[in-house]
> 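Got a structure here, written out as C-alpha cells. Questions coming.
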Number of protein chains: 2
Amino acid sequence: MLTIGKLSASTGVKVPTIRYYEQIGLLPEAERSAGNQRLYDRKTLDRLAFIRHARELGFSLEAIRDLLSLSDNPDHSCSAADAIARAQLVEVESRLARLAALKAELERMVVQCSGNRISDCRVIEVLGNHSLCITDHMIEDAIH
Amino acid sequence: MLTIGKLSASTGVKVPTIRYYEQIGLLPEAERSAGNQRLYDRKTLDRLAFIRHARELGFSLEAIRDLLSLSDNPDHSCSAADAIARAQLVEVESRLARLAALKAELERMVVQCSGNRISDCRVIEVLGNHSLCITDHMIEDAIH
DNA sequence: CTTAATGTCTCTAGCTGCTATAGCTTCAAG
DNA sequence: CTTGAAGCTATAGCAGCTAGAGACATTAAG
C-alpha cells in the first residue's frame, strides 16, 4: 500500500492533483489508514498512470472519464474507444498544421527584425497587420 | 464610431471578450454614447486586431500586454519585442515536436484497434502501458 | 408614433485543470 | 521524545474566457 506521496513519485502526478482527481471522481475514494491518510494499491496506480498518459496525449478529463468507463466494462466493443482516439488524432493533426503555419510566421517576424527602433520593428508591424499573415483559409488548406 | 457589436464583427473577437479585455486593461476604457454604450474608433480596432492576431499566434495576454506597451513607446529599441517573439517561437517549436510525437502514437493506437472487445483494444492498452509509448527523452531528442 | 426585435449594459457565476495557502494532524528517523 | 517532513481539509486563485439574469438603448417595420 502506497501513501499519496509515493503514488505521486511513482506516477509523476502531483499530490494535490491526485486529490483533485479523487474529488472529481476520476479516481475512486481512497482507503484510509488509522490516521486518516490515503492509501493506494497497485490497481489505482495503474489507473493513475493511464490518466497521466492520456493527459500527456492531450485527452480532456472528460474523454479520459469515458475511456476509463469503457475499460471498466471490458465486454463492450472497443469501437467507442477507437472513436475517442480518432477524434483526438484529428484534433492533434489540426493543431499540428496550425502550429506549423504559426511557426513559419514567427520565423519571418524574428528574421526581419531590424534591431532598431520599435517604429521599424517587423514584429510589431506583422502583429498589427493581419493581411500580412497566414490566414485561416491557408491553414484549412494545409490540413486537408 | 463603432458599437461593440460592429467591432466584434469586424475583428472576430466576441463581445464579452472585448469587455473582458477592457476590464483587465488590455483595451482602454471606451468612450460612451449618450445612452452609455461603448463607442470605438479606428485606433482601438487596430489595437484589438493586433491582440487577436497575437492570441492566434499563441502569445499570452501578459506577453501581448508587453508588446502593446512597447508599441506605445515607438522610440525604444525593438530588441525587447524581438525577444518576446523569439521566446514564443521556441515555445511553438517545442509544442510542435511534442505534438508530432503524440500524433505518431495516436496513429499507432487507432491502426491497431482490433474492432472487437475492449479487452483486446490497443487504445486502452497503449494508454495504460507507458513503456509502449514515446518518452519525453525521445521528444527532447526530436527537438534538438 | 408605436411596437417588437435586437443590441447593449452591469453584475455575478461558471468553465477546465490544476496550484497555492493556511492551519492543523500524523508519521518516521534519530 | 522530539523534530521535521508529509499528510489532512478547506478555501481561494490562476488564465482566458463564456454564460446567464434582468434592465436599458437603439433600430426597422407597420
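Every chain is numbered from 1, with letters handed out A, B, ... down the list of sequences. Side-chain atoms are counted along with the backbone in the values below, which use heavy atoms only and exclude waters and symmetry mates.
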> With each end axis built from five pairs of C1' atoms, what bend angle do you get for the helix from C:dC1-D:dG30 to C:dG30-D:dC1? Round to 10°.
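Its terminal axes enclose an angle near 10°.
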> Which residues within residues 8-17 of chain B lie with some heavy atom under 4.0 Å of an atom in DNA chain D?
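Here the set is B:K14, B:T17.
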> Closer than 3.5 angstrom, by distance alone: can the side chain of A:S8 be matched with the main-chain N or O of A:V13 as a donor-acceptor pair?
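Side chain of A:S8 to backbone of A:V13, a donor-acceptor pair under 3.5 Å: yes, one is there.
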> Rounded to the Å, how far apart are B:L7 CG and C:dG7 P?
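Interatomic distance, CG of B:L7 to P of C:dG7: 15 Å.
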> Is it true that A:E22 and A:R38 make a salt bridge, defined as a side-chain N closer than 4.0 Å to a carboxylate O?
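Result for this pair is yes, salt bridge flagged.
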> Once rounded to the nearest 0.5 Å, what's the spacing between atom NE2 of A:H53 and atom CD1 of A:I64?
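One finds 10.5 Å between NE2 of A:H53 and CD1 of A:I64.
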> Return yes if some donor-acceptor pair links the side-chain N/O of A:R55 with the main-chain N/O of A:F59 below 3.5 Å, else return no.
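Yes, A:R55 side chain to A:F59 backbone: donor-acceptor pair under 3.5 Å.
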> What integer distance in Å separates A:Y20:OH from C:dT16:C1'?
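Whole-Å distance recorded here is 6 Å.
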> For B:L2 and B:S10, which heavy atoms make the closest approach, and how far apart are they?
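Scanning both residues completely, I find the closest heavy atoms to be CD1-OG, 4.5 Å.
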> Which whole-number value in Å describes the distance from A:I4 CD1 to C:dT26 C1'?
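Whole-Å distance recorded here is 14 Å.
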> Can you list everything that forms a salt bridge (Lys or Arg N to Asp or Glu O under 4.0 Å) with B:E62? Sequence neighbours excluded, please.
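For B:E62 the salt bridge (Lys or Arg N to Asp or Glu O under 4.0 Å) partners, ignoring immediate neighbours, are B:R65.
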> Expressed as a whole number of angstroms, how long is the span from B:R19:CZ to C:dT12:P?
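Answer to the nearest Å: 15 Å.
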> Would you jot down, in residue-number order, the residues of residues 22-37 of chain A having a non-hydrogen atom under 4.0 Å from DNA chain D?
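Listed by number, they are A:R32, A:N36, A:Q37.
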> Expressed in angstrom and rounded to an integer, what is the separation of B:K6 atom NZ from C:dG7 atom C1'?
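Spelled out: NZ on B:K6 to C1' on C:dG7 is 10 Å.
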> I'd like to know whether A:L89 forms a side chain to side chain contact (heavy atoms under 4.5 Å, CB included) with B:E107, so could you lay out the CA-CA distance, the side-chain angles of the two residues, the decisive distance to 0.1 Å, and finally the verdict.
CA-CA 7 Å; A:L89 179 56; B:E107 275 169 347; 3.8 Å; yes
> So if you build clusters from Ile, Leu, Val, Met, Phe, Trp, Tyr with side-chain heavy-atom gaps below 4.5 Å, do A:L45 and A:I4 land together?
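Yes: a chain of side-chain contacts under 4.5 Å links A:L45 to A:I4.
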> State plainly whether one hydrophobic cluster holds both A:Y40 and A:Y20, where clusters connect Ile, Leu, Val, Met, Phe, Trp and Tyr through side-chain heavy atoms under 4.5 angstrom apart.
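Yes, because A:Y40 and A:Y20 connect within a single hydrophobic cluster, where side-chain heavy atoms sit under 4.5 Å apart.
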> Between which nucleotides of DNA chain D, read 5' to 3', does contact with chain A run, using atoms under 4.0 Å from its heavy atoms?
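Counting from the 5' end, contacts occupy D:dG7 to D:dT9.
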> Taking atom NZ of B:K6 and atom CE of B:M1, what is their separation to the nearest 0.5 Å?
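Separation between the atoms: 15.5 Å.
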> Same cluster or not: A:I51 versus A:V15, using hydrophobic residues (I, L, V, M, F, W, Y) connected whenever any side-chain heavy atoms lie under 4.5 Å apart?
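Same hydrophobic cluster.
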> Listing time: all N or O pairs from protein to nucleotides 2-6 of chain C that are below 3.5 Å?
none

> To the closest 0.5 Å, what do you measure between CG (B:L27) and CD1 (B:I18)?
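Taking CG in B:L27 and CD1 in B:I18, the distance rounds to 7.5 Å.
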> After noting the C-alpha distance and the side-chain angles of A:R32 and A:Q37, does the key distance pass the side chain to side chain contact (heavy atoms under 4.5 Å, CB included) rule?
CA-CA 5 Å; A:R32 299 299 181 113; A:Q37 301 196 344; over 6 Å; no
> Donor-acceptor pair, A:R47 side chain versus A:L26 backbone, under 3.5 Å?
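Yes, the answer is positive, given that a donor and an acceptor are paired below the 3.5 Å cut-off.
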> Output yes when at least one side-chain N/O atom of A:R52 is less than 4.0 Å from OP1 or OP2 of C:dC18, else no.
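No, outside the criterion.
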> Between B:D41 (side chain) and B:T44 (backbone), is there a donor-acceptor pair under 3.5 Å?
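Such a contact is found between B:D41 side chain and B:T44 backbone.
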> At under 4.0 Å between heavy atoms, what does A:R55 touch on the DNA or RNA strands: base, sugar-phosphate, or nothing?
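Counting heavy atoms under 4.0 Å across all strands, the contact made by A:R55 is with sugar-phosphate only.
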